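First the structure, in the form of structure tokens, and then the observations on it.
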Amino acid sequence: MKGQAGERLAIDGGPRAISTPLPHSMPGGFRIGSDEERAVIEVLRGKNLNRYGDADRPSRSQQLEIAFAQAFGVKHCVAVSSGTAALQCAMAAVGVGPGDEVIVPAYTWIATPGAALFAGALPVVAEIDASLTLDPADVERKITPRTKAIAAVHMRGGPSDMDALRGIAERRGVKLIEDTAQALGATYRGARLGTLGDVGAYSLQFSKIITSGEGGLICTNDEALWKRALMYHDVGGGMHYGLSDAEMLPGLSMRLSELHSAVALAQLGKLEPILADLRRNRAVLKAGIADAVKRAGLSLRAETDPEGDAGVCLVVFMHDPAAAKWAVEALRAEGAHAFQIYSGRRDYHVYCEWTPLVNKRSWHPDNAPWRDGPGAQLFDRDLCPQSIDLLSRAVHIDISPDLTSAQVEELTDAVNKVLGAGH
Ligand SMILES: *Cc1c(COP(=O)(O)O)cnc(C)c1O
């Protein structure tokens, strides 16, 4: 067997464990093919690029919403122009506004706190735990009488602790939003992520699990929230669904184009095989490195539901940030795609690097929720030491659904070699 401890590392001039370049992990993007081509051409030939254009049959956007709701076992879905737009609609749907606070994890794309901010609310940062998602104990501590919502973010395909978070939300009377941008299709105790809270937001941006290049989705089982999201995403949308004048609210324009919806529909059809391949590859890698992880006294990311994880990566916690930095360099030399989750460099995924927020920049001086409120030390680096410690020791290993079994084996060898080197 290859990949034993003691074998000369590629970083030290030894042979590479991985013989062919591994595919990058753009799961849906790399599977774009004739289905997506045909779908786009059909829309173009139909000469109707308007989601409300044809009274006789549902538009591509409406078909996407129906198909998604059905596949995810949820009552309502709205297709929108991005994951960020989906989060903004989610905030508006649950009624987040000036004077409110929204609890967000220390580790998430800046769009999550950004959506709270654009609603006029203060994003309040809570620690993550070893699952790289919200630490329920810190969420509990961060709740104040002003808390309107908790935004659970299922980072890197891994479910947040939804039992705990739902319990807190219910007990404390706050709304639960699920940012499922990085975990579309993943589950928690059998239910799809994004369908467990009050409202779920997804992204179809190119680096996500399935993609239309840009795009997003919102889902909810609550009809009132669905109507609010619908009106927020499209100022004219309410009319098309027969909402009364008394219900009508002003909205924006965040519709997903018919061309993007056509691509998203084709991609939705590929979700199950993509998830199956991701999960299989992850399971093989995880089993293959288990001994080396144990022998080195290290640990993997904690799992709130091992079966539910989407499988897009495996994360190993090293003993300290220097060891993580070294392991990434060594893994890359072997031919693996790996990175240190927080290296101290500018990165909009880590709260103390949300530069425009750290610097408290706002579009208008009167629209800065931290100005008069309790937000003075909002994003200080020492606010969430547990998160910084975890993220800077975390080595992220990419998993593509398109890895061959030989490539998974070589990747396993690479990780075993590096972990066996005893750093
Ligand atoms: C990508 C992402 C978003 C935003 O999605 P866009 O489609 O890029 O606007 C929001 N939250 C998280 C956690 C993301 O990874």
Side-chain angles (χ1 to χ4, degrees), residues 24-29 61 64 68 77-93 96 102-119 123 125-126 128 131-134 149-160 162 165 176-186 193-194 197 199-219 229 232-233 252-257 260-261 263-264 267-268 301 309-310 312-313 315 339 341-342 347-351 353-354 356-357 387 391 394 396 398:
H24 277 280
S25 192
M26 310 283 176
S61 301
L64 173 64
F68 188 86
C77 174
V78 185
V80 294
S81 53
S82 71
T84 303
L87 285 168
Q88 289 183 264
C89 290
M91 297 285 168
V96 169
V102 177
I103 297 179
V104 302
Y107 179 44
T108 181
W109 182 241
I110 192 170
T112 323
L117 204 57
F118 272 89
V125 186
I128 54 160
S131 69
L132 301 184
T133 64
L134 274 177
I150 300 166
V153 188
H154 310 299
M155 286 302 274
R156 310 282 171 198
S160 309
M162 291 305 290
L165 294 173
L176 184 55
I177 294 169
E178 289 180 83
D179 180 342
T180 319
Q182 298 194 4
L184 190 153
L193 296 180
V199 50
Y202 305 84
S203 169
L204 298 168
Q205 186 266 338
F206 190 62
S207 66
K208 315 293 170 153
I209 294 177
I210 58 170
T211 185
S212 52
E214 303 288 353
L217 295 157
I218 303 147
C219 71
Y232 194 85
H233 112 288
L252 295 163
S253 177
M254 300 170 163
R255 292 184 304 274
L256 187 61
S257 94
H260 290 83
S261 291
V263 175
Q267 287 265 303
L268 186 59
R301 158 149 80 143
D309 194 292
V312 292
C313 68
V315 176
F339 65 94
I341 292 189
Y342 182 46
D347 180 347
Y348 279 1
H349 289 93
V350 182
Y351 75 101
E353 300 292 334
W354 296 334
L357 278 60
S387 303
L391 295 171
H396 181 290
D398 263 15

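Heavy-atom basis, side chains included; hydrogens, waters and symmetry copies ignored. Order of appearance sets the numbers: ligands from 1, and atoms from 1 within every ligand. Throughout, residue positions are numbered sequentially from 1 according to the sequence presented. Bear in mind that the values here come from a model prediction, so they are computed numbers and not experimental data.
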Solution key, residues 179-186 side-chain donor-acceptor pairs under 3.5 Å, sequence neighbours excluded:
{"from": "Asp179", "atom 1": "OD1", "to": "Ala181", "atom 2": "N", "distance (Å)": "3.1"}
{"from": "Asp179", "atom 1": "OD2", "to": "Thr112", "atom 2": "OG1", "distance (Å)": "2.9"}
{"from": "Thr180", "atom 1": "OG1", "to": "Glu178", "atom 2": "O", "distance (Å)": "3.4"}
{"from": "Gln182", "atom 1": "OE1", "to": "Arg156", "atom 2": "N", "distance (Å)": "2.7"}

More than 12 heavy atoms of other groups within 6.0 Å of Phe339 CZ: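 Buried by this count: over 12 neighbours within 6.0 Å.
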
Which atom of Val312 lies closest to which atom of Ser25, heavy atoms considered: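 That would be O-OG, 4.3 Å.
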
Thr211 (side chain) donor-acceptor with Gln205 (main chain) under 3.5 angstrom: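 Between the backbone of Gln205 and the side chain of Thr211 there is a qualifying donor-acceptor contact (under 3.5 Å).
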
For ligand 1, list all ligand N or O to protein N or O distances below 3.5 Å, rounded to 0.1 Å.
{"from": "ligand 1", "atom 1": "5 (O)", "to": "Ser203", "atom 2": "OG", "distance (Å)": "3.4"}
{"from": "ligand 1", "atom 1": "7 (O)", "to": "Gly83", "atom 2": "N", "distance (Å)": "2.7"}
{"from": "ligand 1", "atom 1": "7 (O)", "to": "Ser203", "atom 2": "OG", "distance (Å)": "2.7"}
{"from": "ligand 1", "atom 1": "9 (O)", "to": "Gly83", "atom 2": "N", "distance (Å)": "3.3"}
{"from": "ligand 1", "atom 1": "9 (O)", "to": "Thr84", "atom 2": "N", "distance (Å)": "2.8"}
{"from": "ligand 1", "atom 1": "9 (O)", "to": "Thr84", "atom 2": "OG1", "distance (Å)": "2.6"}
{"from": "ligand 1", "atom 1": "11 (N)", "to": "Asp179", "atom 2": "OD1", "distance (Å)": "3.3"}
{"from": "ligand 1", "atom 1": "11 (N)", "to": "Asp179", "atom 2": "OD2", "distance (Å)": "2.7"}
{"from": "ligand 1", "atom 1": "15 (O)", "to": "Gln182", "atom 2": "NE2", "distance (Å)": "2.8"}
{"from": "ligand 1", "atom 1": "15 (O)", "to": "Lys208", "atom 2": "NZ", "distance (Å)": "2.6"}

Test side-chain hydrogen bond (donor to acceptor under 3.5 Å, both in side chains) applied to Ser212 - qualifying residues, sequence neighbours left out: none

Non-neighbouring partners of Tyr202 that pass ring pair (Phe, Tyr, Trp, His ring centres under 6.0 Å), sequence neighbours left out: Phe68, Phe72

